[in-house]
Amino acid sequence: MTAQPIVVVDRISKTFPSADGRGSHRALDEVSLTIDPGEVLVIIGPSGSGKSTLLRTLNALESFDTGTITIDGVALADRNTNLNHLRAEIGMVFQHFNLFQHKTALENVALPQVVVRKRSRAGALERARKLLDSVGIADRANHYPSQLSGGQQQRVAIARALAMDPKIMLFDEATSALDPEMVGGILDLMRKLAQGGMTMAVVTHEMGFAREVADRIIFMDQGRIVEQGTPEAFFSAPAHERTRAFLDQIL
Ligand SMILES: Nc1ncnc2c1ncn2[C@@H]1O[C@H](COP(=O)(O)OP(=O)(O)OP(=O)(O)O)[C@@H](O)[C@H]1O
């Protein structure tokens, strides 16, 4: 028996008003995809192609106009009554960390567990300590975000998302804002999560990571999925001219 996909996106479209307010811009144009349990999906494409918008629709940070998204068998439209719960199930890691500045690393990881998952404070703190250890910053538990490097802050953000026991982790350019020497460590952490069986959707410009870690690569352009395939097929024999042009530019 094949497992049910965790995510089913069926022909979603999303239009934003254009900057001058006169027209509109179609950020997502009839996008469909599925993500299976344990699968690592890497989404690549030029700037403005709709990658972030697609990721953000998955945990309802962005609405969409038409189509449906089903997470673990339940349509997003039927889940909207409990957005906090949805966002706990779908962990998201952003380019700019989004930590609570006035809370320590430990509190950043513990508090959402208390508020959203209704865990005891003692239980949440214990789990937070373990997670900070597993992402390699146990010794920074009592530091505030402003006292941490970008790479350390991103580790806290990843631990915070993992603390909610998510069904899937979304990474939106998680290494783009980091100093170059921090990038490898975060990619290693993401690789470790993937190897541990975490279901992941990753928007990244790191082609080495895409090649090594992805089960499947999706290439987007102008709000559409232009092509998708295994990393081997995608990098060695891209089928579409637009994919070839993109890869020529960046590789
Ligand atoms: N809140 C918004 N309001 C208006 N337009 C938006 C908004 N968010 C995204 N867009 C537009 O939708 C399109 C897709 O944007 P999106 O951020 O999803 O692209 P992207 O592929 O993630 O790009 P990048 O790699 O540069 O982050 C772009 O043209 C963008 O300007």
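Residue indices begin at 1 and follow the sequence shown. When a ligand or atom number is given, it counts from 1 through the structure's own listing order.
Residue, atom and distance of the protein heavy atom nearest to atom 21 (O) of ligand 1 are K51 NZ, 2.8 Å. Scanning the protein heavy atoms around atom 30 (C) of ligand 1, the nearest turns out to be H25 CD2, 4.9 Å. Taking atom 15 (O) of ligand 1 as the reference point, the nearest protein heavy-atom neighbour is T53 OG1, 3.7 Å. Taking atom 26 (O) of ligand 1 as the reference point, the nearest protein heavy-atom neighbour is S47 OG, 2.6 Å. At the shortest separation from atom 22 (O) of ligand 1 among protein heavy atoms lies S52 N, 2.9 Å. If you check which protein heavy atom lies closest to atom 6 (C) of ligand 1, you get F16 CD1, 3.3 Å.
Between the side chain of R211 and the backbone N or O of P231 there is no donor-acceptor pair closer than 3.5 Å. With hydrogens and angles ignored, the 3.5 Å screen pairs a side-chain donor or acceptor of R155 with a backbone N or O of V135. Judged by distance alone, the side chain of N108 and the main-chain N or O of K103 form a donor-acceptor pair under 3.5 Å.
Between atom 24 (P) of ligand 1 and the options G48, G223, S24, G45, the minimum heavy-atom separation is to G48.
Heavy atoms of K14 stay at 4.0 angstrom or farther from ligand 1.
Screening L111, L125, V156 against L106 for a side chain to side chain contact (heavy atoms under 4.5 Å, CB included) leaves a single residue, L125.
Heavy atoms of E173 found under 4.0 angstrom from ligand 1 belong exclusively to the side chain. With a 4.0 Å heavy-atom cut-off, ligand 1 is reached by no atom of E62. At a heavy-atom distance under 4.0 Å, no atom of A19 approaches ligand 1.
In terms of polar-atom proximity, A27 is not counted as a contact of ligand 1, lacking any N or O under 3.5 Å from an N or O of the ligand.
With hydrogens and angles left out, the side-chain atoms of K14 and T57 include no donor and acceptor closer than 3.5 Å. Neither side chain, N142 nor T104, offers a donor N or O lying under 3.5 Å from an acceptor on the other. A donor and an acceptor atom, one from each side chain of S176 and Q95, are nowhere located under 3.5 Å apart.
We find that R244 and E241 are joined by a salt bridge, their nearest charged nitrogen and carboxylate oxygen being less than 4.0 Å apart.
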